[in-house]
Amino acid sequence: MLAALPLLLAAVIAAPPAVAATGTPAATAAAVPVTPVLTPPMGWNSWNKFGCNINEALIRETADALVANGLDRAGYQYVNLDDCWLATSRDANGDLQGDSVRFPSGIKALADYVHAKGLKIGIYESAGTATCMGAYPGSLDHEQADARQFAGWGIDLLKYDNCNSGNRPYLNRFKAMGDALKATGRPIVYMLCSWGKDAPWSTYGPASGGTSWRTTEDIGNFWSNGSQSTPMGVVDILDAQAGLEPYSGPNAWNDMDMLEVGNGGLTDTESRAHFSLWSLLNSPLILGNDLRTLDPASEAILTNPEVLAVDQDWGGSQGRRMRDLGGGLQVWAKPMSDGSVTAVLFNRSAATATITTSAAELGLGGSDAYTLRDLWAGTDSTSTGTVSASVPSHGVVMYRIHRAGTTAAARPAGTYQVSDLAWLASGNGWGPVERDRSNGEQAAGDGRALKIGSTTYAKGLGTHADSAVHLWLGGTCSQFSADVGIDSEVHANHGSVRFAAYGDGRLLGYSALKTYGPATRLTVATGGALTLELRVTDGRDGNAYDHADWANAQLTC
């Protein structure tokens, strides 16, 4: 009997880019980014708090407040106008113009004011005939002229929306603006806002020259309503991120939408959770509150230097959900560039709960001592491997964990079947991870023979998404390989998963979206890694049939 597990709250996504024989992404026709964006952009945007009620005075006062509150020194640098800054028609030359009542000095003068503060300015348009509010001209078929206009005004960032498109292809519309921005010669950060439609992370986002892309519908000023339609709550957006880890990185950020911290819809505890998880997943951090009346609690959250450092650090892979413990308790983690790991223990439930994981599960196995830095309490502690805390309802405990010293021996030279080895840790979506059997029920060994397509395998791992197996390599293994796919015990046309391999938390390679059918050989180089994590994530269409096999899974050391 197949496990009838709850569906994940996320839309179906398209397959990632083609995967080469090594298991790393093959070359794609990605456009050169307009300007290198090596860390997620940080700034402020007018929409969440003010909507269409914007004017020149508000933007100037916000720039003043951003500097006065020290937010610029914390890293926030962009002051972004959203929809409704435009006049309702183009001028006699066909050029965009600002609303002369709301912005009497003009957009160029406003940009000069923001720049004089040591800040940068962003602006909004739509890849359609009109913006999302409908009354203002869009940039469709005016990309070259509008990009030149933005550059002439001194614009530093463009948020490009997706309304009134006339159903024209995403790639054509967004690439036209990306090419136009590049042609101006001015470095303008290009943030695509197509609400995750048609999987921009794996299709038109990189090819358009975008430096970030929204992954979901718009955020709302609330915790959750269990919906994937606009607006979405903080938790609803978080649920939609699982499986997008391979697509994030410098010049290619998964954008979880603007922050709601300080807007009154979240408690301080919820705001810390919101900010922690956006930072862990390397989302752009775009403030959405009134900075002129910033309350002390919100200011403390938004300027926490140790949490901001997590967002701005690229350690080789985006943060990801390591384990769903059930009952609303989750473990998320991200590798850091200095070899540490940042972990978020997240309690979505209605009561305080203890959440426990291990250094091994976080990819830090093989040491007998660890230092844990609590990024919100500002305190340090030590551990021999257990990572645990009492976490408030709708809250987080966020640790940055350093390995004190490696004591486990290197793995001797040879070729090993992973199913024959001792594992540091493992987790599975249904029952245990099986050795040399397919995923069964709740008892170890109750699965069937491993079979992908028409091929039966004597050795391998039988898993159920979401799953992970953690192995100790000791820095001496050179390669991992396996035949990966949906086990044939699943009915045809059911099940969709993605396989990924991480070395010391850094993404080594991943498969295309796998559905029922023949296996794919996934091979990755593991040289120098102390630990290896073999992860299977749901294809974001529900995991009830996601029996996934790592067949003939071998390590070469």
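Salt bridge annotation for Arg373-Asp380: present, with a cationic side-chain nitrogen under 4.0 angstrom from a carboxylate oxygen. Taking 4.0 Å as the cut-off between side-chain N and carboxylate O, Arg148 and Asp95 do not count as a salt-bridged pair. Arg272 has no carboxylate O lying under 4.0 Å from a charged side-chain N of Asp268, or vice versa, which leaves the two without a salt bridge. Between Asp239 and Arg348 there is a salt bridge, since a side-chain N of the basic residue sits under 4.0 Å from a carboxylate O of the acidic one. The pair Arg292-Glu61 counts as a salt bridge, with a side-chain nitrogen and a carboxylate oxygen less than 4.0 angstrom apart.
When only modelled atom types and interatomic distance are considered, Glu260 and Asn48 share a side-chain donor-acceptor pair under 3.5 Å. Checking Tyr113 against Asp64 by side-chain atom types alone, a donor-acceptor pair falls below 3.5 Å. Side chains of Asp82 and Asn45: a donor on one and an acceptor on the other come within 3.5 Å. No side-chain N or O of Asn282 forms a donor-acceptor pair with one of Ser248 less than 3.5 Å apart. Between the side chains of Thr267 and Thr269, no donor N or O sits under 3.5 Å from an acceptor N or O. Residues Asp146 and Gln149 bring no donor and acceptor atom of their side chains to less than 3.5 Å of each other. Side-chain contact annotation: Asp236 with Ser224, donor-acceptor N/O pair under 3.5 Å present. Asp91 and Gln97 form no side-chain donor-acceptor contact under 3.5 Å, judged by distance and modelled atom types alone.
Cation-pi check for Arg173 over Tyr170 is met; the charged atom lies under 6.0 angstrom from the ring centroid and within 45 degrees of its normal. Under the 6.0 Å distance and 45° angle rule, Arg321 does not count as a cation-pi partner of Phe346.
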Where do Gln330 and Met322 land on the side chain to side chain contact (heavy atoms under 4.5 Å, CB included) test, with the steps shown first? CA-CA 8 Å; Gln330 295 179 337; Met322 306 296 290; over 6 Å; no

Side chain to side chain contact (heavy atoms under 4.5 Å, CB included) between Leu81 and Lys159, worked out: CA-CA 9 Å; Leu81 287 71; Lys159 174 184 173 182; over 6 Å; no

Would you please test Leu66 and Leu119 for side chain to side chain contact (heavy atoms under 4.5 Å, CB included) and show each step? CA-CA 9 Å; Leu66 195 150; Leu119 304 172; 3.7 Å; yes

Which is it for Asp466 and Arg320 under the salt bridge (Lys or Arg N to Asp or Glu O under 4.0 Å) test, yes or no, and what are the steps along the way? CA-CA 11 Å; Asp466 287 347; Arg320 61 195 187 279; over 6 Å; no

List the steps, then state whether side chain to side chain contact (heavy atoms under 4.5 Å, CB included) holds for Thr62 with Leu58. CA-CA 6 Å; Thr62 297; Leu58 170 66; 3.8 Å; yes

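A distance-only check finds no donor-acceptor pair linking the side chain of Asn80 to the backbone of Ile123 [under 3.5 Å]. With hydrogens and angles ignored, the 3.5 Å screen pairs no side-chain donor or acceptor of Ser212 with any backbone N or O of Asn254. No side-chain donor-acceptor contact under 3.5 Å links Arg400 to the backbone of Leu372. A distance-only check finds a donor-acceptor pair linking the side chain of Asn221 to the backbone of Gly265 [under 3.5 Å]. In this structure, the side chain of Asp72 does not engage the main chain of Tyr76 through any donor-acceptor pair within 3.5 Å. Looking only at distances, no side-chain donor or acceptor of Ser298 sits under 3.5 Å from a matching main-chain atom of Asp295. Under the 3.5 Å distance criterion, the side-chain polar atoms of Glu56 are matched with a main-chain donor or acceptor of Ser105. With hydrogens and angles disregarded, a donor-acceptor distance shorter than 3.5 Å links the side chain of Thr211 to the backbone of Tyr190. For Ser126 (side chain) and Cys163 (main-chain N/O), a donor-acceptor pair under 3.5 Å exists by modelled atom type. Under the 3.5 Å distance criterion, the side-chain polar atoms of Asp504 are matched with a main-chain donor or acceptor of Thr531.
Asp83 pairs by the side-chain contact (heavy atoms from CB on, under 4.5 Å) definition with Trp47, Tyr124, Thr131, Cys132, Met133, Tyr136, not counting sequence neighbours. In this structure, Trp44 has no ring-ring contact (aromatic ring centres under 6.0 Å, His included) partners at least two apart in sequence or on a different chain.
Here Trp314 and Trp253 bring their ring centres to under 6.0 angstrom of each other.
Shown here for Ala63 and Val114, the closest heavy-atom pair between the two residues is CB-CG2, 4.4 Å. In terms of heavy-atom proximity, Thr537 sits nearest to Gly243 at OG1-CA, 4.1 Å. Nearest heavy atom pair, residue Gln241 against residue Glu245, reads O-OE2, 3.7 Å. The heavy-atom pair separating Ala151 from Thr184 by the smallest distance is CB-CB, 3.8 Å. Pairing each heavy atom of Leu308 with each of Phe275, the nearest pair is CD2-CZ, 3.5 Å. Shortest non-hydrogen contact noted between Ile155 and Ile188 is O-CG1, 3.4 Å.
The aromatic rings of Trp153 and Trp85 stand perpendicular to each other, their planes meeting at an angle above 60°, with 30° marking the opposite boundary. Between Trp278 and His274, the ring planes are perpendicular. Angles over 60° get that label, and only those under 30° would be called parallel.
For residues 53-73, there are no ring pair (Phe, Tyr, Trp, His ring centres under 6.0 Å) pairs, not counting sequence neighbours.
Interatomic distance, Leu96 CG to His142 NE2, rounded to the nearest 0.5 Å: 8.5 Å. The CG atom of Leu508 sits 9.5 Å away from the OH atom of Tyr502 when rounded to the nearest 0.5 Å.
A 6.0 Å sphere centred on NZ of Lys197 holds no more than 12 heavy atoms belonging to other residues, nucleotides or ligands.
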